[in-house]
Amino acid sequence: MSPDVSTVSPNVSANVNAASSLTHEDLGSAAQRARHTRILDATIALASQGGFDAVQMRAVAERADVALGTLYRYFPSKIHLLVSALAREFERAALTIGDKPIPGDDQADRVMFVLGRATATLQRDPHLTEALTRAFMFADASVADESKAVGRHVTRLLAQALQEPGRPGEPAPTDEQLAITKVIADVWLASLVQWVTGRATADEVTGSLDVAVRLLLR
């Protein structure tokens, strides 16, 4: 089936040529953004049912009610699609926290609260976590934009935990704090890989995170 060019606005052609996934910011109409949302929703649903192997581009297109060519214009590959879905999951987690005070006596406690809640959510849906984590592991340079989006949302999630309770309007995180959040994010994703592949239990994942966070933030 040929790509449905009419579904993508002209100002996104450069992104398509660069083989990057289209984002909500790239799309010019409410209908296009709704289609983008349906595609990611379909991806999450299929991954939740059967993990990485269940996410096939034709199955996603059928479930999202879009032409297969349209799907490929929005997401050039299955890996682009799943890493974009992972970024959206972390974005939603950050938005859920918002400006509400995060419980904890210090930064380490607050970071562990955020990580603990996010990790528990992922572990409740092992098929989905397996699919998203495997895709992130397989992502190469062609998926750089999508991988960076994951990093941005994880950093935002952790940076919120570094703020003092009741002071949501304090200055943006410092360069040092951002560097710390990157290291914590790397440990977190590595721990999720160990859990997904059966090399670590849920308790071991939490223990590894706690050690890393308290060493970095003591």
Side-chain angles (χ1 to χ4, degrees), residues 1-100 114 117-118 120-122 124-136 138-139 142-157 160 189 192:
M1 186 177 295
S2 61
D4 184 357
V5 178
S6 66
T7 62
V8 181
S9 56
N11 63 345
V12 302
S13 58
N15 286 343
V16 173
N17 292 336
S20 294
S21 303
L22 302 180
T23 67
H24 270 248
E25 290 72 25
D26 294 321
L27 303 172
S29 73
Q32 291 165 0
R33 291 190 289 273
R35 189 177 299 113
H36 185 270
T37 297
R38 289 204 313 275
I39 290 170
L40 291 179
D41 287 344
T43 301
I44 295 293
L46 288 168
S48 293
Q49 291 173 2
F52 184 85
D53 292 336
V55 180
Q56 302 297 324
M57 296 297 273
R58 187 173 296 279
V60 172
E62 291 175 354
R63 191 177 185 107
D65 192 26
V66 300
L68 184 60
T70 299
L71 173 60
Y72 275 107
R73 287 185 64 81
Y74 278 63
F75 300 96
S77 75
K78 172 177 173 174
I79 300 299
H80 286 80
L81 180 57
L82 283 166
V83 175
S84 296
L86 178 62
R88 192 182 72 168
E89 292 300 288
F90 285 136
E91 180 182 21
R92 287 181 168 180
L95 290 172
T96 298
I97 291 176
D99 290 335
K100 293 179 291 187
V114 169
R117 192 165 75 171
T121 299
L122 291 169
R124 282 196 295 270
D125 197 338
H127 287 312
L128 175 60
T129 304
E130 179 263 345
L132 299 181
T133 305
R134 279 182 64 182
F136 194 74
F138 294 155
S142 70
V143 198
D145 289 344
E146 294 79 4
S147 297
K148 288 177 182 177
V150 171
R152 284 196 304 272
H153 294 309
V154 173
T155 295
R156 177 184 175 189
L157 185 66
Q160 287 172 305
L189 291 169
L192 285 177

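In what follows, every heavy atom counts, from backbone to side chain, and hydrogens, waters and symmetry copies are set aside. Predicted, not measured: the structure shown is a model, and the values here were computed from it.
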Between [X] and [Y], is any pair of side-chain heavy atoms under 4.5 Å apart?
X	Y	result
Phe52	Thr133	no
Phe136	Ser147	yes
Ile44	Arg88	yes

- Would you tell me whether Thr70 and Arg73 have side-chain atoms, one donor and one acceptor, within less than 3.5 Å of each other? no
Hey, could you give me the [atom1]/[atom2] distance between [X] and [Y], rounded to the nearest 0.5 Å?
X	Y	atom1	atom2	value
His153	Leu86	NE2	CG	9.5 Å
His36	Tyr74	NE2	OH	8.0 Å
Leu46	Leu128	CG	CG	11.0 Å
Arg92	Leu157	CZ	CG	14.5 Å

- Criterion salt bridge (charged side-chain N to carboxylate O under 4.0 Å, His left out) on Arg134 and Glu130, from CA distance to verdict: CA-CA 6 Å; Arg134 279 182 64 182; Glu130 179 263 345; 2.8 Å; yes
Taking the side chain from [X] and the backbone from [Y], do they hold a donor-acceptor pair closer than 3.5 Å?
X	Y	answer
Thr129	Leu122	yes
Glu146	Leu81	no
Gln32	Ser29	yes

If you look at every heavy atom in [X] and [Y], which pair is closest and at what distance?
X	Y	result
Ala61	Leu68	CB-CA, 4.0 Å
Gln49	His127	O-CD2, 3.9 Å
Val60	Thr43	CG1-OG1, 3.7 Å
Asp65	Arg38	O-NH2, 3.6 Å
Ala139	Ile79	CA-CG2, 3.9 Å
Ala131	Ala47	CB-CB, 3.7 Å

- May I ask you to check whether His80 and Tyr72 place their ring centres under 6.0 Å from each other?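 Not close enough - the centres of the two rings lie 6.0 Å or further apart.
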- Item | side-chain contact (heavy atoms from CB on, under 4.5 Å) partner of Glu89, chosen from Leu40, Val150, Leu132 | Leu132
- Task: Cation-pi check, Lys78 to Phe138: give yes when NZ or CZ is under 6.0 Å from the six-membered ring centre and within 45° of the ring axis, no otherwise.
- Result: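 No, cation not above the ring by the 6.0 Å, 45° rule.
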- Step by step, work out the side chain to side chain donor-acceptor pair (under 3.5 Å) result for Thr155 and Arg152. CA-CA 5 Å; Thr155 295; Arg152 284 196 304 272; over 6 Å; no
